[in-house]
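Since the structure comes first, as structure tokens, the remarks are kept for the end.
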Amino acid sequence: MAQPRPEPQPPRHIVVLGAGMVGVSVAWHLRRRGHRVTLVDRNAPGRETSFGNAGIIQREAVRPYRFPRDAGTLLRVLPNREIDIRYRPTGMARAALPLFQYWRNSAPGRYARIVPEYAALISRALDAHAGMIDAAGAGDLIRRDGYLKVFRTEQAWREQVLEAKQDATEYGVTHRVLDRAAVAELEPDLDSALIGAVHYTQPWTATDPGALVAAYAEHFQRQGGRFVRGALETLSRDGEQWRAVVDGLALHADQVVLALGPWSGEWLRQQGLQVPLFVKRGYHMHYDAQDGARLHHWIMDAETGYLLAPMRAGIRLTTGAELARQDATPHYRQLDAAEAVARRLFPLGERRDPRPWLGARPCTPDMKPIIGPAPGLPGLWLAFGHGHQGFTLGPVTGKLISQMMDGENTNVDMTPYRADRF
């Protein structure tokens with residue numbers, strides 16, 4: 001028997017705090033539903049964490065990044081000289097409890113239960129982006145030819161092939177297995193020592209991730225949404241409403257969505273609610289190519305832990321994770337080490353940017369985002385903690401949380417993403 005449709009919700013004034021991919025997507029969906037929406041950020045949309053990522057809408061990423069548990073990896077990482085992950089002792093100490101929980105949740109049994117819950121969001125990412133791309137007229141920023149994970153050793157390549165086949169069976173992930181000759185045909189300027197690759201064919205890539213977020217935000221404003229640029233000073237209850245003060249301007253709202261990425265935890269603590277959020281930092285730099293060399297696809301050097309992407313600003317190199325305090329001074333050695341290896345993979349030219357970019361990914365111990373109402377705080381909604389996949393999952397998060405806020409049934413069981421799971 002069909003479930004009765006919920007009564008339409010009257011339009012409300014909703015303030016969305018944070019104009020990264022997640023916040024912009026939430027605001028976009030709420031405005032499409034007829035609500036009066038004010039989007040707030042201290043910077044222009046898409047200029048913080050969403051600006052600096054690899055620009056991949058990762059339909060294949062059904063398995064979240066887990067904490068290494070095998071002795072070999074831990075011993076490799078311990079000297080703190082690797083490219084895929086580095087750490088600062090002070091940052092590790094401050095986040096000791098959530099990192100311990102992250103380690104526990106990466107155990108095989110726990111991780112096996114997390115993957116399908118994570119995949120339920122990832123599998124809807126392309127469809128969610130597609131509607132926003134079309135509405136915003138942003139198709140010129142998108143490529144639909146996937147990306148390559150490349151390998152130098154037979155064992156690592158074969159392990160990735162087996163995982164790709166398993167994900168194809170369980171989650172509909174499509175891929176091609178490329179041998180040495182096939183890699184050379186697709187990317188003739190890559191190092192000939194590569195022995196193979198897995199070409200994930202479903203993901204879409206953005207040649208300017210920040211511009212894609214900005215395009216979504218511009219469409220939101222064309223549809224009647226309001227953007228206020230300024231620093232959030234206070235957030236508090238005001239009777240039945242919420243009051244946000246932004247550079248001295250008081251905004252009163254029926255509901256507020258906290259989508260401030262790595263800054264969300266601190267603002268939530270001010271409301272008396274704590275969630276185990278920690279950050280993984282990352283760096284990027286853009287480069288020229290030498291001697292007319294061309295990079296045709298996004299390339300992940302899977303055994304080393306960095307990515308090269310042919311973007312509008314140049315060839316972007318993004319590093320792996322750095323476990324550190326969000327406000328710690330930049331350490332560029334991880335980027336320098338990645339660049340040295342990348343120059344052997346592809347003939348990079350001069351650096352284009354005056355200094356490396358640094359951003360922080362908001363992470364949770366169970367690798368799943370926080371999407372839903374704030375426990376005990378009526379009218380406050382949460383949309384953060386997406387880790388490495390905020391760019392991928394922003395639009396599906398926006399669709400799901402807008403359905404929840406309007407009292408509608410969702411196509412996804414939202415229980416695994418609620419804040420009260422901790």
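Since the model is a prediction, treat every value here as computed from it, not as a measurement. Worth knowing before you read on, the calculation uses all heavy atoms, side chains too, and leaves out hydrogens, waters and symmetry mates.
Ion pairing of Arg33 with Glu408 is present here, as a side-chain N (NZ or NE/NH1/NH2) and a carboxylate O approach within less than 4.0 Å. The existence of a salt bridge linking Glu187 and Arg294 is excluded, since no basic side-chain nitrogen approaches an acidic carboxylate oxygen closer than 4.0 Å.
Side-chain contact between Lys149 and Tyr147 is present, with heavy atoms from C-beta onward closer than 4.5 Å. Residues Asn105 and Met367 are in side-chain contact: their nearest non-hydrogen atoms beyond the backbone lie under 4.5 Å apart. Counting heavy atoms from C-beta on, the side chains of Leu273 and Pro375 come closer than 4.5 Å. Residues Leu235 and Leu17 form a side-chain contact, since some pair of their non-hydrogen atoms from C-beta on lies under 4.5 Å apart. Under the 4.5 Å side-chain criterion, counting only non-hydrogen atoms from C-beta, Ile142 is in contact with Leu212. Using a 4.5 Å heavy-atom threshold, the side chains of Leu358 and Arg281 count as touching. With a 4.5 Å cut-off on side-chain heavy atoms, Leu121 and Leu400 count as touching.
To the nearest 0.5 angstrom, Leu323 atom CG is 10.0 Å from Tyr87 atom OH. Interatomic distance, CZ of Arg229 versus CZ of Arg47, reported as 9.5 Å (0.5 Å rounding). Of the inter-residue distances, the one linking Ile85 atom CD1 with Glu322 atom CD reads 10.0 Å to the nearest 0.5 angstrom. The line from NE2 of His219 to CE of Met132 is 9.0 Å long, rounded to the nearest 0.5 Å. Atom OH of Tyr287 sits about 3.5 Å away from atom CD of Glu339, to the nearest 0.5 Å. Rounding to the nearest 0.5 Å places NE2 of His129 at 12.5 Å from CG of Asp134.
Side chain of Trp242 to backbone of Pro378: a donor-acceptor contact under 3.5 angstrom is found. No donor-acceptor pair under 3.5 Å is formed between the side chain of Trp103 and the backbone N or O of Arg69. With hydrogens and angles ignored, the 3.5 Å screen pairs no side-chain donor or acceptor of Glu60 with any backbone N or O of Tyr200. Looking at Arg88, its side chain never comes within 3.5 Å of a backbone N or O of Thr90 through a donor-acceptor pair. Distance alone, capped at 3.5 Å, is enough to place a donor-acceptor pair between the Asp413 side chain and the Thr415 backbone. Panel note: side chain Thr392, backbone Ile56; a donor-acceptor pair is recorded below 3.5 Å. Side-chain atoms of Asp84 never come within 3.5 Å of backbone atoms of Gly305 as a donor-acceptor pair (strictly under, hydrogens ignored). Without hydrogens or angle criteria, Asp208 side chain to Ala211 main chain gives a donor-acceptor distance under 3.5 Å. Side-chain atoms of Gln202 come within 3.5 Å of backbone N or O of Gly172 as a donor-acceptor pair. A donor-acceptor pair is defined here as one N or O able to donate and one able to accept, closer than 3.5 Å; no such pair exists between the side chain of Arg31 and the backbone of Arg226.
In this structure, Arg42 is positioned above the aromatic face of Trp263, its NZ or CZ under 6.0 Å from the six-membered ring centre and within 45° of the axis. Arg66 forms a cation-pi arrangement with Tyr111, by the criterion of a distance under 6.0 Å to the ring centre and an angle within 45° of the ring axis. Relative to the ring axis of Tyr306, Arg343 does not place its NZ or CZ within 45° and under 6.0 Å from the centre. Judged by a 6.0 Å distance limit and a 45° cone about the ring axis, Arg59 is not positioned over the six-membered ring of Trp204.
Between the side chains of Asn43 and Glu48, at least one donor N or O sits under 3.5 Å from an acceptor N or O. In summary, the side chains of Arg12 and Gln255 do present a donor paired with an acceptor at a separation below 3.5 Å, with no hydrogens or angles considered. Counted by atom type alone, Thr38 and His13 present one or more donor-acceptor pairs between their side chains at under 3.5 Å. Inspection of the His286 and Arg352 side chains reveals no N or O donor paired with an N or O acceptor under 3.5 Å. Using a 3.5 Å distance cut-off with no hydrogens or angles, the side chains of His35 and Asp406 do pair a donor with an acceptor.
Just one of Leu317, Thr319, Asn53, Thr318 meets the side-chain contact (heavy atoms from CB on, under 4.5 Å) condition when paired with His284; it is Thr318.
Taking the six-membered ring for Trp and the full ring otherwise, Phe278 and Tyr102 have centroids separated by under 6.0 Å. For His388 and Tyr65, the gap between ring centers is short of 6.0 Å.
By the neighbour-count criterion of 12 heavy atoms within 6.0 Å, atom CZ of Arg81 is sparsely surrounded, having that number or fewer from other residues, nucleotides or ligands. Other residues, nucleotides and ligands contribute at most 12 non-hydrogen atoms within 6.0 Å of the CZ atom of Arg333.
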**Request:** Take Asp366 and Gln101, measure what side-chain hydrogen bond (donor to acceptor under 3.5 Å, both in side chains) needs, and give me the verdict at the end.
**Result:** CA-CA 7 Å; Asp366 64 0; Gln101 295 169 333; over 6 Å; no
